[in-house]
Number of protein chains: 2
Amino acid sequence: MGKPTVHDIAEEAGVSLATVDRVLNERPGVRTMTAQRVHSAIDKLGYVRDVHAANLARGRQYRFAFVLPEGQSQFLKALREAIDEAGVGLRLERVALDTIEVPLNDSVGMIRGLEALQDQGIDGLAIMANETPVVRDMIAHMKESGIAVVTLVTDQPNAERDHFVGIDNVAAGRTAGVLMGRFLGGRYGRVMVVVNSTHARDMVQRRLGFDAVINEQFPNLHTLPSLEGHDEQERTATVIAQALANQDNIVGLYCAGAGTRGVTQVIAEQGLAERIVVIGHELTIHARQALKDGLLDVVITQNVGHLVRSATRVLRAKCDGRDIIASQERIRIEIVLRENLP
Amino acid sequence: MGKPTVHDIAEEAGVSLATVDRVLNERPGVRTMTAQRVHSAIDKLGYVRDVHAANLARGRQYRFAFVLPEGQSQFLKALREAIDEAGVGLRLERVALDTIEVPLNDSVGMIRGLEALQDQGIDGLAIMANETPVVRDMIAHMKESGIAVVTLVTDQPNAERDHFVGIDNVAAGRTAGVLMGRFLGGRYGRVMVVVNSTHARDMVQRRLGFDAVINEQFPNLHTLPSLEGHDEQERTATVIAQALANQDNIVGLYCAGAGTRGVTQVIAEQGLAERIVVIGHELTIHARQALKDGLLDVVITQNVGHLVRSATRVLRAKCDGRDIIASQERIRIEIVLRENLP
DNA sequence: AGAAAATTGATTGACGTACCTCAAAACTCC
DNA sequence: GGAGTTTTGAGGTACGTCAATCAATTTTCT
């Protein structure tokens, strides 16, 4: 009464094992009629192929590559570490993970990097990159040559990716908005918003969500135009310090980008922790420390471990032609306070 | 250059396959000296046994059982659904999940239920139950007969369980405390606390964390003695209504237990949504709706899907004698607002 | 009808491990 | 040094699937 095997469906369909195998692996030389008989036997018995036995037999290795932008940000570092850590455990599962880093705004370098990948015979790709035509074409090209592609952290909704692994950034911005409004408890004032770049899709979305909530629910607050930090600590610190000097009655600061370090630096230097509600993104080690020190009130984050594992699960499912369990692959918007620091 | 196999370690150790097999599966009849040679060959080559091939060979089935308290609460319902859902996907992994329900405060019934399990030849157990001597002895008994045991949702720190799958309830209470304090933005008043039962360990811990934060950080607030709802909507609604009538200046309500429905019922009836900050636990369908309707400000929750998958991963690792990846098995305290509702 | 082509069956050997048997070799102990 | 015991080796079968070969059968076409 165990699970049905190929033998059982061969018997049920009244064909030989060889034929069942041909049908299952879509090899030629089977009449449509016969194939149909096999398929209905599969349905009737509820056969599902034993992926592990199959992989064992064919000596299959899944080769997945993570394509990340070059950069020293703590978020990227944590992401790379998560990839390495996941890679260790996945070796037992016949999955090999590679990481390649491509220059952020250098399309030629990116194309070169990805072409190298293709020659290596990669099975799947998780790509984190800004939305550009070059990337979009690259994804289309990869898909054409049978490589599964997921976008990571930043989506490319117009590209033919199989799946997006990351959070809904509008919702993340909205979440930041409510927390900002509620933590300020009715106080009147202005809220500064810092982004990495006003062009990046995720920054735009977070800002959108943030402003929407503030405008809808907190008429006592006024959001200022975005400041650009460009992912650099010094630059972020400078623009913030400048803005603080020029504006009065700043009660909140939302750092929608990853460069929280520059923010906390200014907050610490000017001793603003008590007076200003500060909300940042991505739970890096610096953000953790800042939370503990009270320099940061809230961090909105996505778990890098989940990102990596979800991406590999999705890629594997796509390679095997299986469906994914959507509920399992939804990346949560995590709200971290000092009190629930994991 | 592939992964080393048993053949490779046989050669490296200068012994036969049979001997390697005896060592790996701890079968008798191998001199300590020889076993040592095999072990050092394993270390040297970095051999890791292919679990899937092994399971295939021995036709292994992992049989795990979830032991849940009887009850109709939405949380339990969601947990049961998560178990069923996970069970479907896990069939391919040779894991069979069962759920059994035992009467909450009936030790005899519980023992009977668990004894039935033992006879069925179960490999692992995930148990959610109040901390009692009966349960503790049961766990010890199970462990003795070689069954892996994890506690679920509620820990039994004095029992010899292999692992606890659930959140840190003190931290959860603290999280509720900060959110309560900050959402109230300096207002003065009293905060009501509702629990299922003042005896349950997790309720005590949440209450502890909640009070600690309020006392440390929010002198403007005063927490009232716990009200008991006993997991019943009507009863919860009654005690809250009563307390509201007897106390003035209630500004917050923390429902540490799962019976959020009774709370939202009263809030809706008396139109208190705007005046009182309400924080509850567990994101059931009712809690979702209440968040959307603004009857609930925050829900602190643990993802039931994660709970179930983590429990099965841990049990499987224990059965295989593998280590778990601690970071992957830490269940997050999730903060859910209307804006980041998943 | 006969030849050519397409389809199907039967069989075999992997993959990496478990588990069993039987015989050979190596150790005890007196 | 011989009997007894313990340890080791050699070999086979199985798990569920893939992949390949070669022969046998059926279909298609002329």
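Below, chains carry the letters A, B, ... as their sequence lines are ordered, and counting in each starts from 1.
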Provide the start and end nucleotides, 5' to 3', of the part of DNA chain D that has atoms under 4.0 Å from heavy atoms of chain A.
D/dG16 to D/dT27
Where each residue is assigned the nucleotide of DNA chain C containing its nearest heavy atom, which of A/Ala18 and B/Asn55 is assigned the position nearer the 5′ end?
A/Ala18
Contacts satisfying ring-ring contact (aromatic ring centres under 6.0 Å, His included) that involve residues 26-49 of chain B (not counting sequence neighbours) are none
Value rounded to 0.5 Å, distance of NZ in A/Lys143 from NZ in A/Lys318:
7.5 Å
Among pairs that include at least one residue of residues 22-34 of chain B, which meet side-chain hydrogen bond (donor to acceptor under 3.5 Å, both in side chains), considering only residues two or more places apart or in two chains?
B/Asp21-B/Asn25, B/Asp21-B/Arg27, B/Asn25-B/Arg49
Residue list, ring-ring contact (aromatic ring centres under 6.0 Å, His included) with A/His306, at least two apart or on another chain:
B/His306
I'd like to know whether CD of B/Glu131 has more than 12 heavy-atom contacts from other residues, nucleotides or ligands below 6.0 angstrom.
yes
Between A/Asp123 and A/Arg63, is any pair of side-chain heavy atoms under 4.5 Å apart?
yes
Are side-chain N/O atoms of B/Glu85 and A/Ser327 paired as donor and acceptor at under 3.5 Å?
yes
Report which part of the nucleic acid B/His52 touches: base, sugar-phosphate, or nothing (heavy-atom distance under 4.0 Å, all strands).
nothing
Nucleotides bounding contact with chain B, strand DNA chain C, heavy-atom threshold 4.0 Å
C/dG16 to C/dC27
Return the set of residues passing side-chain contact (heavy atoms from CB on, under 4.5 Å) with B/Val48 (not counting sequence neighbours), or none when no residue passes.
A/Leu92
The side-chain contact (heavy atoms from CB on, under 4.5 Å) partners of B/Leu45 (sequence neighbours excluded) come to B/Pro4, B/Asp8, B/Ile9, B/Glu12
Got a sec, which residues hit side-chain contact (heavy atoms from CB on, under 4.5 Å) with B/Asp168, two or more places apart in sequence or on another chain?
B/Val170, B/Ala171
Expected list for residues 41-49 of chain A near DNA chain C, using heavy atoms below 4.0 Å, is none
Just call it for B/Val15: base, sugar-phosphate, or nothing, with non-hydrogen atoms closer than 4.0 Å on any strand.
sugar-phosphate
Who pairs with A/Arg313 by salt bridge (Lys or Arg N to Asp or Glu O under 4.0 Å), at least two apart in sequence or on another chain?
A/Glu329
Taking only residues two or more places apart in sequence or in another chain, which ones pass side-chain contact (heavy atoms from CB on, under 4.5 Å) with B/Glu101?
B/Glu70, B/Arg80
Check B/Ile100, B/Leu152, B/Ile139 against B/Ile127 for a side chain to side chain contact (heavy atoms under 4.5 Å, CB included) and give me the one that passes.
B/Ile139
Contact nearer the 5' end of DNA chain D, comparing B/Arg94 with B/Ala35
B/Ala35
Of residues 20-34 of chain A, the positions that come close to DNA chain C - non-hydrogen atoms, cut-off under 4.0 Å
A/Arg22, A/Gly29, A/Val30, A/Arg31, A/Thr34
